[in-house]
Amino acid sequence: MDKTFQPADIETRWYKEWEENGYFAPQGGEKAYSIMIPPPNVTGSLHMGHGFQEAIMDALIRYHRMLGDNTLWQVGTDHAGIATQMVVERQLEAQGISRHELGREKFIDKVWEWKEESGGTITRQLRRLGSSLDWSRERFTMDPGLSAAVQEVFIRLHREGLIYRGQRLVNWDPALHTAISDLEVIAEEEQGHLWHFNYPLLGGEGHLTVATTRPETMLGDSAIAVHPEDERYAHLIGRRVQLPLCDRDIPVIADEYVDREFGTGCVKITPAHDFNDYEVGRRHGLPMINIFNDDAAINDSAPQAYRGLDRFEARKRVVADLAALGLLDKVQAHTLKVPRGDRSGVVIEPYLTDQWYVDARKLAQPAIAAVENGDIQFVPKQWENTYFAWMRDIQDWCISRQLWWGHRIPAWYDPEGKIYVGESEAAIRQEHKLGDEVVLRQDEDVLDTWFSSALWTFSTLGWPEETPELAVFHPSSVLVTGFDIIFFWVARMIMMTLHLRQEVPFHTVYVHGLVRDGEGQKMSKSKGNVIDPIDLIDGITLDELVSKRTTGMMQPQLAAKIEKATRRQFPEGIAPYGTDALRFTYYSLASTGRDIKFDIGRIEGYRNFCNKIWNAARYVLMNCEDQDCGLDSTAPVELSLADRWIRGKVQETAAEVAHAVSQYRFDLASQSLYEFVWNEYCDWYLELSKPILWDEEASADAKRGTRQTLIRVLEIWLRLLHPLMPFITEEIWQSAAPLAGKSGATIMLQPYPQRDDGELDENANADIDWLKAVIVGIRNIRGEMNISPGKAIPVVLRKGNDSDRRRLAENSPYLKKLAKLADIAWLPDDTEAPMAATALAGELEILVPIAGLIDKEAEITRLDREIKKLENDLSRLRGKLSNAAFIDKAPADVVASERDKLRAQELSLETLQEQMQRIRSI
RNA sequence: AGGACUAUAGCUCAGUUGGUUAGAGCGCUACCUUGACAUGGUAGAGGUCCCCAGUUCGAGCCUGGGUAGUCCUACCA
């Protein structure tokens, strides 16, 4: 074995081995356990959030697989309608081709080509993370099977009246020329203006002043609204005003929607271009005047002068023209929320079109109930509130998109505009007995990507066929996802699955936090702070990292700043840390209910942990290979104190890990393992094994016992650790397992260690605690007195009780080796103690004689510090115990333990004070 | 406007039903190339648990109020 752990070869080698041997596929077992991967964008690439999410899922999957469950991790990718179409359109644009020139079919061919070309990136990256996905069952949302499921659902819901087509205002993206759902609109505060305009009253006396942030929409105004109880305007209700710039007049209406306090208390009503105005318009039967075309340029419904102008250009013209007419009252600076498309970034326009909708209200009821009654549980629980809040006020879901890439809506229209929904034109003709003379035209639109995602847990298992997989693996066990898609995806999956299958899609939703950069900033391309998890695994040079962060930017002017920040933050680039270290970092940061600030220092620490594991294994193998490790069950074995202790400790660790995983507390699981491996197994047990293995006088039985313990405990904790660090554990396990009497092709399919209480040994724990206390006491004196670690020193023990004597008798070889002692002696109580530095282990005094070793002043300082600390504690304890209320009301065992503590500390203080006097007297 | 979350060592974070002296990693200081490991070892320094009040024998933890920050939802003509 190499002296340092080299992850790269090991990782690729083992992943290939696992995949080729089909270890990722379900293997049977009584209980089923399944997770459906949140399908990443097929042409996307892995980011830190994915890395985190996959790590969590893989740990759960590997854990359950080792528990013997029939475990499926369903893999697949999403066609990501808008995102993918945009990428391909941009590529074509670069070649000077528009998709319209190309035509629908050829364009879709291009997208499929791009999918084939780049679709491997994300799946390669998933493999690099060690994700034990069942690749034999890989699905894609536009596979024939999944597409059939989508069509089936659309037809069914349409027949049930849960999908309908209607004309209403939608969020229109004028750049992408498609409707989008409410969720795809991001409203951000921006600086704008509030323009005040005068609309002259018809009949000549005076005007009404309206305030607006969108002057250009006045071309589509249908009314002026005031509050019905606003006495300022009450007399004008029912009158008409002249709409400036347009050759028409509009009524003054009363509606409670109007806020009297805002602006002038008069609102211009533009029903075709504002969601609130739309409702007002409907209530009052106002005409809906659409003044925009698909690009949000002014159309022919507006006066000649503005036709063809872009909306922002039109705004300037309208303001200028009104000013010229003397109708501009004033302009105020105003902060407003501007709705922008989450993909295109352009301002979204409320726009009147025909679209398809899902009646979400009806579907929401059972979906709310399923969470209320605990059929589905969120972890952490507070997300249930978020879910309820949204579900109880859910709006109908606009599912049609004016795109080409996606599932085409299975609806056809006859020349009269009658709608037919069915699986094909032929089927529809047959069902409705339509002859060839009736021309049918299929709907041009495709479905929102999230429509197919909503079916994911069951469409991937073969639905609408009632397949065996569906029976076994559905509902899935847990959904692991980010809070940002609770509405987009989680809620819709719950609604659709309950409706179509009368069962939940999953029992638990584990909601993890967002992975942010070291400063707590969201990682984004435009901020230039993105870290690719693969770069943490394989490493990257500074120059490559800079170029990765600064090429293909939407805002190239930021490149210089990003380069500077990157060079400052990663002066040496990023070292290759390996997958196991990256994964362990994720786990250690995965406490629930908070975001993750990714600190590069952590991964370095866990890379070091890998190295520690590696070297501990080297030590064990070095001492066990070709040696008698007690495999022969008839050979007598003698277990040392340390052997008995560590055999118990590894069981305690198994229990802690199991508990933590059951609560999805991977931070606690990883911490338990880290502490056990490093602080117990390596720091103490390996050191305690040396006195036995290296002692020529130790018996063969004792050596056999220690070797057996070394290798067996190693083999157990490798399995405990495997779900978190799959590669290093497999690599070492291959060598270690045979020596521990285990056989098997892979650690992956070994049973997960279950706590064995028979191995716990409380006596051994107590003795080891004593041993540690004595050793640490001596080391402390050494460290503080600057006694060279190489120098063997004599130690004298004094006072103490029978168990101290027994422990000394049994453990002096350990003490001599680990504390580097020349000699250790017991001093009878009635003997005068030599001049010495003192440490305490309970009642036991540990004395390191001064002569020639100890600096008197330094020891006085050290004792003084100890005494002060004790005095502080004592005064608090005495105060507590002299409080009658405490004695009366606190539980008896708490009071008793405080009293014990007081006694012990008083004794310690006395001892140290005596010691202080003696030192001072020389 | 409503709601959620967060505030603990220089930094990143744990801290269970309220009960020893509040912990870990990184960083820092001193010493150490000892036969698994310097990606290491030993020892050490470092805390007003955001603030105020309350409940309690006892509060980092519970209650109320406040401050600061992050986020979500809705609305702002």
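Numbers restart at 1 for each chain; the letters A, B, ... are given by sequence-line order, proteins then strands.
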**Report entry** Whether Ser588(A) side chain and Thr585(A) backbone form a donor-acceptor pair below 3.5 Å
**Finding:** yes
Report task. For rU42(B), take OP1 and OP2 only and decide whether either is under 4.0 Å from a side-chain N or O of Asn780(A). Result -> no
**Report entry** By side chain to side chain donor-acceptor pair (under 3.5 Å) - contacts of Lys381(A) (at least two apart)
**Finding:** Glu384(A)
Requested in this report: Please state how far atom NZ in Lys597(A) lies from atom P in rA14(B), giving the value in whole angstrom units.
Outcome: 11 Å
**Report entry** Asp393(A) backbone acceptor or donor facing Gln395(A) side chain under 3.5 Å
**Finding:** yes
Query raised in the report: Tell me, which of residues 210-221 of chain A have any heavy atom that sits under 4.0 Å from an atom in RNA chain B?
Result: Ala211(A), Thr212(A), Thr213(A)
Requested in this report: Give Arg260(A) one of three labels, base, sugar-phosphate or nothing, depending on what nucleic acid heavy atoms sit under 4.0 Å from its own.
Outcome: nothing
Requested in this report: Could you work out the separation of rG69(B) and rU8(B) based on their P atoms and round it to a whole Å?
Outcome: 15 Å
**Report entry** Side chain of Asn615(A) - closest among rA36(B), rU42(B), rC75(B)
**Finding:** rA36(B)
Requested in this report: May I ask you to say what Arg392(A) touches in the nucleic acid, namely base, sugar-phosphate or nothing, with a heavy-atom cut-off under 4.0 Å?
Outcome: nothing
Requested in this report: Please state how far atom CZ in Phe598(A) lies from atom C1' in rC13(B), giving the value in whole angstrom units.
Outcome: 14 Å
Requested in this report: Would you indicate what Asn883(A) reaches in the nucleic acid, counting non-hydrogen atoms under 4.0 angstrom: base, sugar-phosphate, or nothing?
Outcome: sugar-phosphate
Requested in this report: Determine the interatomic distance between C1' on rA14(B) and the same-named atom on rU33(B); round to the nearest Å.
Outcome: 35 Å
Query raised in the report: Does Lys3(A) place a side-chain N or O at less than 4.0 Å from the phosphate oxygens OP1/OP2 of rA38(B)?
Result: yes
Requested in this report: Walk me through it: do Phe378(A) and Trp383(A) pass the test ring pair (Phe, Tyr, Trp, His ring centres under 6.0 Å)?
Outcome: CA-CA 6 Å; Phe378(A) 281 69; Trp383(A) 290 110; 8.4 Å; no
Requested in this report: State whether Tyr674(A) and Lys612(A) meet the cation-pi test: NZ (Lys) or CZ (Arg) under 6.0 Å from the six-membered ring centroid, and within 45° of the perpendicular axis.
Outcome: no
Query raised in the report: Can you check whether Leu739(A) reaches Leu621(A) side chain to side chain, under 4.5 Å on heavy atoms?
Result: yes
Report summary line: Rounded to whole Å, the CZ-P distance (Arg516(A) to rG69(B)) equals 15 Å
Query raised in the report: Is it true that a side-chain atom of Arg899(A) and a backbone atom of Leu881(A) form a donor plus acceptor pair closer than 3.5 Å?
Result: no
Query raised in the report: Can you tell me how far P in rC26(B) sits from the matching atom in rU73(B), rounded to whole Å?
Result: 39 Å
Query raised in the report: Is any side-chain heavy atom of Asn780(A) less than 4.5 Å from a side-chain heavy atom of Arg862(A)?
Result: yes
Query - From CD (Glu675(A)) to CD (Glu680(A)), nearest 0.5 Å - result: 8.0 Å
Report summary line: Separation of rU17(B) atom P from Gln663(A) atom CD, nearest Å, is 10 Å
**Report entry** Contact nearer the 5' end of RNA chain B, comparing Glu261(A) with Ser588(A)
**Finding:** Ser588(A)
Requested in this report: Nearest whole angstrom, please: distance from the P of rA36(B) to the CD1 of Ile732(A).
Outcome: 16 Å
Query raised in the report: Just by protein heavy atoms under 4.0 Å, how would nucleotides 19-31 of chain B read 5' to 3' in B, S and -?
Result: BBB---S------
Query - Sugar-phosphate, base or nothing in reach of Cys610(A), heavy atoms under 4.0 Å - result: nothing
Query raised in the report: If you draw a 6.0 Å radius around CG in Asp626(A), do more than 12 non-hydrogen atoms from other residues or ligands fall strictly inside?
Result: no
Query raised in the report: In whole angstroms, how far is the C1' atom of rC37(B) from the CD1 atom of Ile613(A)?
Result: 12 Å
Report summary line: Taken to the nearest 0.5 Å, the spacing of Lys817(A) NZ from Glu687(A) CD works out to 6.5 Å
Report task. Indicate yes or no: at least one non-hydrogen side-chain atom of His273(A) is less than 4.5 angstrom from one of Asp277(A). Result -> no
Query raised in the report: Once the angle between the rings of His334(A) and Phe262(A) is folded into 0 to 90°, is it parallel (under 30°), tilted (30 to 60°) or perpendicular (over 60°)?
Result: perpendicular
Query raised in the report: Across the strands shown, which category fits Leu668(A) at heavy-atom distances under 4.0 angstrom: base, sugar-phosphate, nothing?
Result: sugar-phosphate
Query - Spacing of the P atoms in rA9(B) and rG23(B) (rounded, Å) - result: 14 Å
Query raised in the report: How far, in whole Å, is rA30(B) from rC50(B) if one measures between their P atoms?
Result: 32 Å
Query raised in the report: Checking all strands, does Lys612(A) fall into the base, sugar-phosphate, or nothing category for heavy-atom contacts under 4.0 angstrom?
Result: base
Query raised in the report: When the C1' atoms of rA36(B) and rG40(B) are considered, how many whole Å apart are they?
Result: 10 Å
Report summary line: Whole-Å distance, Asp274(A) CG to rA74(B) P, equals 15 Å
Report task. Kindly confirm whether the side-chain ring of Tyr619(A) is stacked on the base of rG35(B), judged by centres under 5.5 Å and planes under 30°. Result -> no
Query raised in the report: Parallel under 30°, tilted from 30 to 60°, perpendicular over 60°: which one fits the rings of Tyr606(A) and Phe609(A)?
Result: perpendicular
Report task. Kindly say whether Gly513(A) contributes a backbone atom to a donor-acceptor pair with the side chain of Asp595(A) at under 3.5 angstrom? Result -> no
Distances for protein N or O near nucleotides 1-5 of chain B N or O, under 3.5 Å:
none

Query raised in the report: With a 4.0 Å cut-off on heavy atoms, is Glu189(A) in touch with a base, just the backbone sugar-phosphate, or nothing at all?
Result: nothing
Query raised in the report: Say you pick atom C1' in rG60(B) and the same atom in rU20(B); how far apart are they, in whole Å?
Result: 15 Å
Query raised in the report: Parallel, tilted or perpendicular: which fits the ring planes of Phe584(A) and Tyr587(A), with parallel below 30° and perpendicular above 60°?
Result: perpendicular
Requested in this report: Quickly work out the Leu336(A) CG to rA74(B) P distance and round it to whole Å.
Outcome: 16 Å
Query - OP1 or OP2 of rG15(B) under 4.0 Å from side-chain N/O of Arg665(A) - result: yes
Requested in this report: Could you give the distance separating rC57(B) and rG65(B) at their P atoms, to the nearest angstrom?
Outcome: 24 Å
Requested in this report: Please identify each residue that fulfils ring pair (Phe, Tyr, Trp, His ring centres under 6.0 Å) with Tyr681(A), with sequence neighbours left out.
Outcome: Tyr685(A), Trp717(A)
Report task. Would you indicate what Asp484(A) reaches in the nucleic acid, counting non-hydrogen atoms under 4.0 angstrom: base, sugar-phosphate, or nothing? Result -> nothing
Query raised in the report: With sugar-phosphate meaning primed atoms plus P, OP1 and OP2, does Phe487(A) contact a base, only sugar-phosphate, or nothing at under 4.0 Å between heavy atoms?
Result: sugar-phosphate
Query raised in the report: Which residue, Ala187(A) or Ala617(A), contacts RNA chain B at a nucleotide closer to its 5' end, judged by nearest heavy atom?
Result: Ala617(A)
Query raised in the report: If pairs are Watson-Crick or G-U with both distances under 3.5 Å, what is the dot-bracket string of RNA chain B, marking crossing pairs with [ ] and pairs to another strand with |?
Result: (((((((..((((.....[...)))).(((((.......))))).....(((((..]....))))))))))))....
Query - hbond_proxy Arg779(A) side chain to rU42(B) base (donor-acceptor, 3.5 Å cutoff) - result: no
Report task. Answer with base, sugar-phosphate or nothing: what part of the nucleic acid does Trp390(A) contact at a heavy-atom distance below 4.0 Å? Result -> nothing
